[in-house]
Engineer: 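One structure coming up, written as C-alpha cells, with questions to follow.
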Amino acid sequence: MTASRPLADPRHSPNDDPFDIPFDLPAAPPRPGGIAARAAALARPDHAGQGRGVYLDGLNPEQRAAVEATDGPVLVLAGAGTGKTRVLTTRIAHILSLGLAWPSQILAVTFTNKAAREMKERIGAMVGEQVEGMPWLGTFHSIGVRMLRRHAELVGLRSGFTILDTDDQIRLLKQLLQADAIDEKRWPARLLANIIDGWKNRGLGPQQVPAGEGAAFANGRGQKLYAAYQARLKALNAVDFGDLLLESIRLLRENPDVLAEYHRRFRYILVDEYQDTNVAQYLWLRLLAAGSRNVCCVGDDDQSIYGWRGAEVDNILRFDSDFPGATVVRLERNYRSTGHILGAAAHLIAHNEGRLGKTLFSKGESGEKVTVTGAWDSQEEARAIGEEIEQLQRKDHALGQMAILVRASFQMREFEERFVTLGLNYRVIGGPRFYERAEIRDALAYLRVIASPTDDLAFERIVNVPKRGLGDAALRQIHDHARAAQLPLIEAARELAASEELKPKVRLTLRDLVGSFDRWRAQMTSLPQNELAEIVLDESGYTEMWQKDRSADAQGRLDNLKELVRSMETFENLIGFLEHISLVMDVDGGAGGDAVNIMTLHSAKGLEFDTVFLPGWEEGVFPNQRALDEQGRAGLEEERRLAYVGITRARRRAKVFFASNRRIHGLWQSAVPSRFLDELSEKDVEVTESRGGQGWGGGQSGRYGYGPSRFDEAQTFGSSYSTPGWQRAQNASRAGGAGASGGFSGGSFTDSRPSRFAASEKARGGGRLIEGELIARSSGPAARFAIGNRVFHQKFGYGEVVSVEGNKLTVQFDKAGEKKMVDSFVEAA
DNA sequence: ACCATTCACATTTTT
DNA sequence: TGTGAATGGT
C-alpha cells in the first residue's frame with residue numbers, strides 16, 4: 001500500500017540542467033554557450049587561451065596527462081600520496097569546463113559515502129554550484145538504488161522497496177533455516193549470509209551458482225536456500241546490499257532499451273579506488289562503459305586490502321585487456337612522506353609479486369628513519385608508545401597528528417588502558433558504526449514500521465522492545481495468522497488483538513501497540529519527522545528503557561538516540577530520511593578536540609598523519625595467521641599491502657613496534673618479529689630498544705635473527721612454528737615469560753563504545769567519522785574525589801574510589817575491576 | 001517471560 | 001581471558 005509509493009530522493013534537488021528532468025535525453029552534447037561553457041569561461045584565466053583552466057595549474061605532468069586524456073579508457077595508477085583525488089576531481093572539472101558533458105552526464109563512483117562527499121566538495125570548490133547537478137556522483141550502491149527505483153518493476157520490485165541491512169538479512173535467513181529444519185549450530189545463518197554475499201559479490205544469481213559451491217552449505221541445500229531467500233526478498237519488496245548491484249546488472253542486461261538510455265546518458269564514467277571493486281561492480285561498470293567507452297579508473301594495486309570481502313585486484317591488473325587501447329598513467333610523485341618512509345615502504349611492497357609496479361619518489365628531504373622497536377610484551381609496547389607520544393607532545397606536536405594503526409581491534413585495548421592511566425587524550429576511529437548500534441536500529445525499526453506498515457522485519461524487531469510481554473509465544477501466533485491470512489505482521493496483529501484468540505493481557509498490549517502505530521502514522525504528515533521520532537521513542541517507552549538501565553553505556557545510547565533525532569532535522573520528511581539512512585547510515589562526528597587517533601590499518605586507508613605508530617608487527621598478528629592459513633600466498637601479499645598502507649600513512653615519522661610476548665585468548669604466547677620487518681630496507685630503518693625491555697634481536701646476523709630471505713621459503717607460510725625464530729622465541733619465553741602480567745588486566749570492555757557526538761554541521765569540512773570518543777578534559781585544580789566516593793566512567797561504568805594521589809585515582813569498578821586513571825575521566829555518580 | 005549459567009569463539013568492514 | 005549468545009531452570 002503505502003510502501004509502493006515512489007520515494008522522493010532527498011539528496012538531490014532539481015537543478016537547471018535541462019537534461020536532468022526528462023530521463024530521455026538527446027545524444028547531442030551541450031551547445032557552447034550553455035552552463036558548461038560559462039563555467040569554462042570562469043575557470044579560464046583571462047590571459048590564457050585554449051580552454052586551459054586555472055584548475056590545471058599546479059598539476060604535475062602526469063597528473064595533467066590523466067586529467068586531459070578525456071577520450072577512451074584511462075587507467076590512473078596512483079600510488080599513495082600522489083594526488084589521486086585531485087586528479088579525479090580536476091578531471092571532472094575539466095570535462096565540465098570544456099563543455100564535453102553536462103553535470104548530469106557524468107557518472108562518478110566511489111566506494112564509501114565519505115569519499116563521495118569529499119569528491120563532491122572538492123569538485124564544488126572548483127566548479128561551483130554546477131556540482132549540484134551531478135546526481136550520478138555517489139557510491140556504487142547509491143547509484144544502484146537510483147537506477148532500481150526508476151525501473152523497479154522491470155526487476156520485479158515496486159519502487160518503494162526497502163533495503164535490508166546485515167541484521168535484517170540474518171534474521172530472515174534464520175527464519176528460512178528454521179523453516180527447513182536445518183541445524184543452526186552446524187550451519188549458522190551468519191555463514192549462509194556470508195556465502196550468499198560472496199556469490200552476489202561475484203555477480204552470481206541463484207541460478208548461476210556453480211553446482212559444487214551451492215551444495216557446500218547444509219548438505220547441498222545452499223543453492224536452494226539462496227533461491228528461497230531471493231524469493232522471500234521479492235515477497236517483502238526488499239533488497240539487500242548485494243542486490244543493489246546484482247539487480248542493477250540484471251536490469252541492464254535484460255532491458256537493452258534501458259541500457260541504451262544509460263549509454264546515451266553517461267558520456268564520462270569515473271571510478272575511484274578501482275582496486276577495491278568486486279566482480280559485480282566490475283560487470284556493472286563494463287556494461288555501462290560500453291556506451292561511451294570514456295571510462296577512467298583510478299586506483300593503486302598496492303593498496304588493495306579488501307580481497308577478503310570480494311575485491312578483485314585482478315580488475316585493476318587486467319584493465320588493459322578489459323578496455324583495449326587504454327591509456328595508462330602512473331602517478332609516482334609522492335607529496336606526502338619523507339624519503340626514508342617512502343624508501344622503506346617501497347622496499348617492503350617490492351616483495352609482492354602480483355603488482356603492476358610503481359616506484360614512488362619524492363623530491364623532499366629524507367627525514368627521520370623509520371624506527372623499529374622491540375618490547376618485551378604488549379603492555380610495554382603500549383607504555384613505550386605512550387612515552388613517545390608524550391615526548392612529541394612536549395615538543396608541541398598535535399595529538400591529532402599522531403595515529404596508532406593496529407592490525408586487529410583487540411590490540412586497541414592495551415592502548416586505551418594505558419592512555420586512560422596517563423590521562424592522554426585519544427579517540428578510537430571505526431569500530432561499530434553508528435547505525436549498527438542496537439539502539440539506533442531499534443529506533444529506525446519503529447520509524448520503518450510507521451513509514452511502511454508492510455515492513456515485517458522492522459515490526460518483528462521491536463514488538464517486544466522494550467519488553468512488553470509479547471514474547472515468543474505471542475509472536476508465533478502473529479506469524480501464523482499473518483501467513484494464513486496473507487497479511488503483513490502488523491495487520492495480523494491488529495486482527496488478532498480484535499479476536500478472542502489471545503490471553504487478555506497480551507491482547508491489550510498488542511491492541512495498544514497497534515493503536516500507537518496508527519496514531520503515530522497519522523502524525524507523520526502533520527509533524528516534522530524529528531519531532532515525531534521523539535514522540536515515538538517516548539511513547540513507546542523506548543527512551544525510558546535506557547534511562548532505567550544502569551549499565552555503563554546506557555548514557556551513551558541515549559546520547560546516540562538524541563543524535564539520531566537531531567540528524568533527522570535536515571531531511572524533507574520521514575520517508576526521505578529513511579531512504580537516506582538505509583544507505584548512508586553514518587554520522588559525522590565533530591572534531592572533538594586534540595586526541596591521538598587509534599584505528600585499524602583498514603580504516604586508516606586514505607588518511608595521513610605526521611606520526612604513525614605501527615605496533616604488533618609479529619608473525620601471527622601481522623601478518624595475521626588466519627589470513628595466511630586461509631589465503632596462503634595471496635593472503636600474505638594482502639597483509640603486506642596492508643603494511644604498505646600503514647607506513648605510507650606517515651608524513652614525517654613512522655614507528656614500528658613488536659612485542660616478544662603477547663597474551664592471546666588469555667594465554668601468554670611468545671612471538672616472532674614479523675617477516676615484514678626484514679623487508680624494510682635497512683638504509684631507511686633505525687632499530688631502537690624499548691626502554692627497560694630486552695627487546696629482540698640486536699646484533700645477530702640478519703637483523704632479527706633470521707635470514708633476510710625468509711620470504712623465499714614461501715611454502716612454509718602456513719605454520720612456521722619450526723623456524724629458528726619460533727624456537728628461540730619459545731626459549732626466551734621459558735626464560736622469563738611469566739611475571740610480566742601484573743598491573744591491571746581484568747578490565748572488561750563492552751564492545752559498543754559509548755560516544756559523545758559533538759554537534760556537527762551537515763557534511764562540512766573533511767568531517768571524519770569519529771566514534772567512541774573518550775576525551776579527557778584537563779583536570780580541575782584540586783583533588784575532586786575522596787576515597788569512598790561513587791564515580792561513573794564512560795567506559796567502565798560505576799565504581800568506588802579506592803585511593804587518590806593528586807589527580808590520579810584508583811577506582812574499583814563494579815564490573816570492570818580496579819583501574820588507575822586521571823580524575824577527569826570520571827564524574828561523581 | 002526472565003534470569004543465570006554454560007558454551008563456543010575469538011581479523012580486517014562498506015553498503 | 002572474556003564476551004556474546006543460547007540454553008535451561010524458576
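Chain identifiers are assigned alphabetically (A, B, ...) following the order of the sequence lines, protein sequences preceding nucleic acid strands; residue numbering begins at 1 within each chain.
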Engineer: Which whole number of Å gives the distance between the P atom of C:dG4 and that of B:dT11?
Structural biologist: 14 Å

Engineer: For A:Arg309 and B:dT14, give me the distance from atom CZ to atom P, rounded to whole Å.
Structural biologist: 7 Å

Engineer: Do A:Thr162 and A:Asp455 have a side chain donor and acceptor closer than 3.5 Å?
Structural biologist: no

Engineer: Which heavy-atom pair separates A:Lys114 from A:Leu607 by the least distance, and what is that distance?
Structural biologist: NZ-CD2, 3.9 Å

Engineer: Give the ring-plane orientation class for A:Tyr542 versus A:Trp546, where under 30° counts as parallel, over 60° as perpendicular and anything between as tilted.
Structural biologist: perpendicular

Engineer: For A:Trp308 and B:dT12, are the ring centres under 5.5 Å apart with planes inclined under 30°?
Structural biologist: yes

Engineer: How many whole angstroms separate atom NZ of A:Lys200 from atom P of B:dT14?
Structural biologist: 19 Å

Engineer: Could you classify B:dT11 for me, syn or anti, using a glycosidic angle within 90° of 0 as syn?
Structural biologist: syn

Engineer: Once hydrogens and angles are ignored, does a donor-acceptor distance under 3.5 Å link the base of C:dT1 to the side chain of A:Arg663?
Structural biologist: no

Engineer: Does a nitrogen or oxygen in the side chain of A:Asn113 sit under 4.0 Å from OP1 or OP2 of B:dT15?
Structural biologist: yes

Engineer: Any base atoms under 4.0 Å from A:Gly469, or only sugar-phosphate, or nothing? Heavy atoms, all strands.
Structural biologist: sugar-phosphate

Engineer: A:Lys185 side chain N/O closer than 4.0 Å to the phosphate oxygens (OP1, OP2) of B:dC9?
Structural biologist: no

Engineer: Is a salt bridge present between A:Arg448 and A:Asp168, judged by a nitrogen-to-oxygen distance below 4.0 Å?
Structural biologist: yes

Engineer: When you check the gap from the basic side-chain N to the acidic O, do A:Lys84 and A:Glu273 get nearer than 4.0 Å?
Structural biologist: yes

Engineer: In this structure, how many angstroms lie between the P atom of B:dT12 and the CG atom of A:Leu405, rounded?
Structural biologist: 15 Å

Engineer: Can you tell me the distance, in whole Å, between the CG atom of A:Asn194 and the C1' atom of B:dT13?
Structural biologist: 11 Å

Engineer: Side-chain N or O of A:Ser409 less than 4.0 angstrom from OP1 or OP2 on B:dT12?
Structural biologist: yes

Engineer: Respond yes when some side-chain nitrogen or oxygen of A:Arg413 is under 4.0 Å from OP1 or OP2 of C:dT1, and no when none is.
Structural biologist: no

Engineer: Which residue lies toward the 5' end of DNA chain B, A:Thr112 or A:Arg468, if each is placed at its nearest nucleotide?
Structural biologist: A:Arg468

Engineer: Within this structure, what is the CG-to-P distance between A:Asp168 and B:dT15, rounded to whole angstrom?
Structural biologist: 17 Å

Engineer: Between A:Ser603 and B:dT12, does any side-chain N or O lie under 4.0 Å from OP1 or OP2?
Structural biologist: no

Engineer: Within this structure, what is the CG-to-P distance between A:Leu502 and B:dA1, rounded to whole angstrom?
Structural biologist: 11 Å

Engineer: Using atom P in both nucleotides, what's the gap between B:dT12 and C:dT3 to the nearest angstrom?
Structural biologist: 16 Å

Engineer: Could you state the CD-P distance from A:Glu312 to B:dT14, rounded to the nearest angstrom?
Structural biologist: 20 Å

Engineer: Tell me: CD1 of A:Ile598 to P of B:dT12, nearest whole Å?
Structural biologist: 15 Å

